[in-house]
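Count residues from 1 along the sequence.
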Amino acid sequence: GPRVWKKRGVGPLCFLRSKVNAAVYQDVLEHFMLPAADQLYGDADFIFQQDLAPAHSAKATSTWFKDHGIPVLNWPANSPDLNPIENLWGIVKRKMRYARPKNAEELKATIRATWALITPEQCHRLIDMPHRIAAVIQAKGVQY
């Protein structure tokens, strides 16, 4: 049912060597996001969220989502306060504050270990939108 996501945490990390264009992005969706979604949600419905980066908003990418029957919540580029993934990276960065990796491999290992510590509860708090929206409005006021 709709409450299934409450028990879910983060999916797998994917480190990329190349610049991300639409084709690379669709490859990542195919080989990382689909299996992760299957594992996290099974047959339950979910909405995929992404920002408006060029690889994300490419026509070929929106065709990919349509072909796979996945609804997408496009996200305004300038609202990081409300974007769960930005806030998730904030958590990762804070946890890694005192890490001193000596090379790219150590850095990746540190990121992986930190990612593994993120709890389903933290994920749930990050997607608790009414609460987040209220907090942002309180902090900044609404601008039209």
Quick check for you: to the nearest 0.5 Å, what is the distance between Thr61 atom OG1 and Leu29 atom CG?
7.0 Å

Shortest non-hydrogen contact between Leu13 and Phe32, atoms and distance:
O-CE2, 3.8 Å

At what distance, to the nearest 0.5 angstrom, does NZ of Lys93 lie from CD1 of Ile111?
10.5 Å

Check for me, please, whether Leu117 and Ile91 land in the same ILVMFWY cluster - side-chain distances under 4.5 Å, paths through other members count.
no

Any side-chain to backbone donor/acceptor pair from Thr63 onto Lys59? Under 3.5 Å, distance only.
yes

Which atom names give the shortest non-hydrogen contact between Pro12 and Ala36, and what distance separates them?
CD-CB, 3.4 Å

Please walk me through it: do His56 and Asp51 pass side chain to side chain contact (heavy atoms under 4.5 Å, CB included)?
CA-CA 7 Å; His56 302 176; Asp51 62 21; 2.9 Å; yes

Take atom NZ of Lys108 as the centre, draw a 6.0 Å sphere, and report whether it contains more than 12 heavy atoms from other residues, nucleotides or ligands.
yes

Side chains of Trp89 and Val92: closer than 4.5 Å at any heavy-atom pair?
yes

With rounding to the nearest 0.5 angstrom, report the CG to OG distance, Asp67 to Ser62.
9.5 Å

Might you point out which heavy atoms bring Ala55 and Ala22 nearest each other, and give the distance in Å?
CB-N, 3.7 Å

Any side-chain heavy atom of Met33 sitting closer than 4.5 Å to one from Val28?
no

Heavy atoms from other residues, nucleotides or ligands near CD1 of Ile47 exceed 12 (cutoff 6.0 Å):
no

How many angstroms lie between OG1 in Thr110 and CZ in Arg100, if you round to the nearest 0.5 Å?
11.0 Å

Quick one: pull up NE2 in His68 and NZ in Lys66 and give me the separation to the nearest 0.5 Å.
13.5 Å

Roughly how far, to the nearest 0.5 Å, is CG of Asp27 from CH2 of Trp64?
10.0 Å

For Pro35, is there any backbone N or O sitting under 3.5 Å from a side-chain donor or acceptor partner on Gln39?
no

With heavy-atom distances below 4.5 Å as the criterion, would you say the side chains of Leu40 and Phe46 are in contact?
no

Would you sort out whether Val10 and Gln122 count as a side chain to side chain contact (heavy atoms under 4.5 Å, CB included), showing the intermediate values?
CA-CA 10 Å; Val10 294; Gln122 282 174 306; over 6 Å; no

